[in-house]
Enquirer: 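Have a look at this one.
From a predicted model like this one, the values you see are computed outputs, not experimental measurements. By convention in this document, chain letters (A, B, ...) are assigned in the order of the sequence lines, proteins followed by strands, and residues within each chain are numbered from 1.
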Amino acid sequence: MTTQLKAIIECLLYLAEEPLPVKRLRETIPGAETREIVSAVEELQQDYESESRGMELREVAGGYQLRSRPEFKDYIKRFRRVEPSRLSRAAMETLAIIAYKQPILKSEVERLRGVEVGGILRTLMEKGLIRVVGRKNLPGRPIIYGTTKKFLGVFELKDLSELPTLEEFTQITGETLHAYREDS
Amino acid sequence: MTTQLKAIIECLLYLAEEPLPVKRLRETIPGAETREIVSAVEELQQDYESESRGMELREVAGGYQLRSRPEFKDYIKRFRRVEPSRLSRAAMETLAIIAYKQPILKSEVERLRGVEVGGILRTLMEKGLIRVVGRKNLPGRPIIYGTTKKFLGVFELKDLSELPTLEEFTQITGETLHAYREDS
Amino acid sequence: MPPATNDASGDGSFSVRLEPFEGPLDLLLFLVRKNELDIYDIPIARVTKQYLEYIDLIRTLNLDQAGDFLAMAATLVHIKSRMLLPEPAGPEEEAEDPRQEIIQPLLEYARLKEAAALLEKRHLLDRDVFTRDFVSDELFDPEEEELVRVSLFDLLSAFKEVIAHSTGKVLLALDRFECTLEEKVSDILERLGRSRNLLFTELFTDLHRRELVVTFLAILELLKLNLIQVVQPAQGGIMRVYLVTQPSPAYGSDDNTT
């Protein structure tokens, strides 16, 4: 189990958007005890200490996270300079869904994309491309999302009626976002 | 350099949001030659083949990408709390036709499948798996369809040439058909 | 559309399997398979009969796609009638098998179906395998400011600023202990020993004008002895004083430093 447990944990760390607390790992891996998880994480941490690794397994904000090794920061800087668009494909798709279907609930976005979008929504909020437009009168009063004025600005739209078709949208986004990053 | 090169590449693969072409790695790591990069990637690929690893390093859509090991999909499902996306059988068949016969008109797809495919084409477009590659010089200027780069990424294909040719599916006798139907 | 399979097990029960047929070709292929037929030599009468039975069933079940299947039914019936015609007696010309009309599309469809099955078996992204689906901004440390050692000129102008700001302050001379350069040097070293670094301006807080000068000279002295270094972000900004702990500091060229 130990080898596999380590592998599962590495896999989850790779996919996790946020530092992963041991508790969350335990919920995800049935049958694994806290003690086993902790020792697997520690082993993993040692594996990552090797010089031949590109990431470090660090304990931050109450959880574990794989982070790039700080000594590679110059490469990362250069890498991100040549990155064509600062929004991931997933973020782009999520943004498109919100733009076209707004006002929309997170649950509806997730149904359309078929994956969890919590982290992406946060990223889009941070970038000021979407905002909370209200709350739905449903149990839990879920948040309703919509795009912002900045969204219109970034995509050079007068108003939402100017939105291109979904297909055109994905074609133009790469370039516009690139330009947007340059001057932001 | 080799150990460090491997580590830098792993770091960039970890941070990349899309499959990473060798070209992009070369732009990011000055002084590293294509040959060196390729051999470092191959070494890394071998490292990741170990059972104790949570990810695989795959060559897809013209680049390299870290992907979760398929045997962990149930953990990931539990972890992400969203049902993974699925393609219906009809969508899969239509997609296969387009992948193998592209560039192809809607009317040709319909002739091959024997049913109307308008709705399915729309779904496949929305999922970004197919795209309009042009219009045919015929009355009504019908749309020509082809697959996208995302299609390659989704199906873990380096490029279209990785698909077997249709001629390889020739031994269609009653028996092979029988066997095929059984496990489909 | 859900096809129905006639349960021939003899108990008279009738089961509807909810495995959809994707269309007429799919149904035809299913019949070929079910009867273990050679696709190149389909007994057309038998297949046509079964095909029509299925259509009836589809109609009975009120499944709305029955229409899709009718064209193929017509084709099958047509082929069947042509098969019944006597073969033409021409010696050279071999008659074309009327079944060619369905064999070719059926073969092609069977191949494509196999191709689809092969695609289906691959490790699909977001079904079997996953990648990170968020931007990696959080996965590396925010860019550290690139620090450079400041030049004597920078130090002097910073000191000028300090003096300019100190003039407005009312300082109580009698409370102050006027120290020597040596004392100031050890005072600075001691403070840096406690906190790893200090703001340049911090060293001058609440000092007499004379003491300001002594402090500045002490800084210059310490720089000369390479016991401290003063750095600031490459693009300018706040200056910090660090204790030099290792002989070769990790900062860039220091040719222009004091």
Enquirer: Above 12 or not: heavy atoms from other molecules or residues under 6.0 Å from CG of D74(B)?
Expert: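 Yes, the 6.0 Å shell around CG holds more than 12 heavy atoms from other groups.
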Enquirer: Let me know if L44(A) has heavy atoms under 4.5 Å from chain B in its side chain, its backbone, both or neither.
Expert: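 For L44(A), no heavy atom lies under 4.5 Å from chain B.
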Enquirer: So if I apply the side-chain contact (heavy atoms from CB on, under 4.5 Å) rule between Y14(B) and each of M55(A), R69(A), R67(A), which one comes out positive?
Expert: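 Only match with Y14(B) under side-chain contact (heavy atoms from CB on, under 4.5 Å): M55(A).
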Enquirer: Applying side-chain contact (heavy atoms from CB on, under 4.5 Å), name anything that partners R111(A), two or more places apart in sequence or on another chain.
Expert: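 Checked R111(A) against side-chain contact (heavy atoms from CB on, under 4.5 Å); zero matches.
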Enquirer: Mind checking the CD-CG spacing from E10(B) to L66(A)? Nearest 0.5 Å is all I need.
Expert: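 So the CD of E10(B) and the CG of L66(A) are separated by 9.0 Å.
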Enquirer: Quick check: closest heavy atoms across C11(A) and G54(B), and the distance to 0.1 Å?
Expert: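 The pair with the smallest heavy-atom distance is CB-O, 3.4 Å.
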Enquirer: Tell me, for F79(B) versus chain A, whether the close heavy atoms (under 4.5 Å) come from the side chain, the backbone, both or neither.
Expert: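 Both parts, backbone and side chain.
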Enquirer: Can you tell which of S50(A), A16(A), A7(A), G118(A) has the highest number of heavy-atom pairs within less than 4.5 Å of chain B?
Expert: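 Between S50(A), A16(A), A7(A), G118(A), the count favours A7(A).
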Enquirer: Inspect the surroundings of CZ in R122(B) and state if more than 12 heavy atoms from other residues, nucleotides or ligands are less than 6.0 Å away.
Expert: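 Atom CZ in R122(B) is not crowded, with 12 or fewer foreign heavy atoms closer than 6.0 Å.
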Enquirer: Using a cut-off of under 4.5 Å on heavy-atom pairs, state which of K77(B), R86(B), E51(B), R81(B) scores highest against chain A.
Expert: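 The residue among K77(B), R86(B), E51(B), R81(B) with the greatest pair count is R81(B).
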Enquirer: Is E71(A) close to chain B through its backbone or its side chain, or both, or neither, when contacts mean heavy atoms under 4.5 Å?
Expert: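 Neither part.
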Enquirer: So which of I9(B), L15(B), I8(B) actually passes side-chain contact (heavy atoms from CB on, under 4.5 Å) with Y75(A)?
Expert: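 Per the side-chain contact (heavy atoms from CB on, under 4.5 Å) rule, the option paired with Y75(A) is I8(B), out of I9(B), L15(B), I8(B).
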Enquirer: Write down the atom of E27(B), the atom of R78(A), and the distance for their closest heavy-atom approach.
Expert: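 What the structure gives for the nearest pair is O-CD, 3.9 Å.
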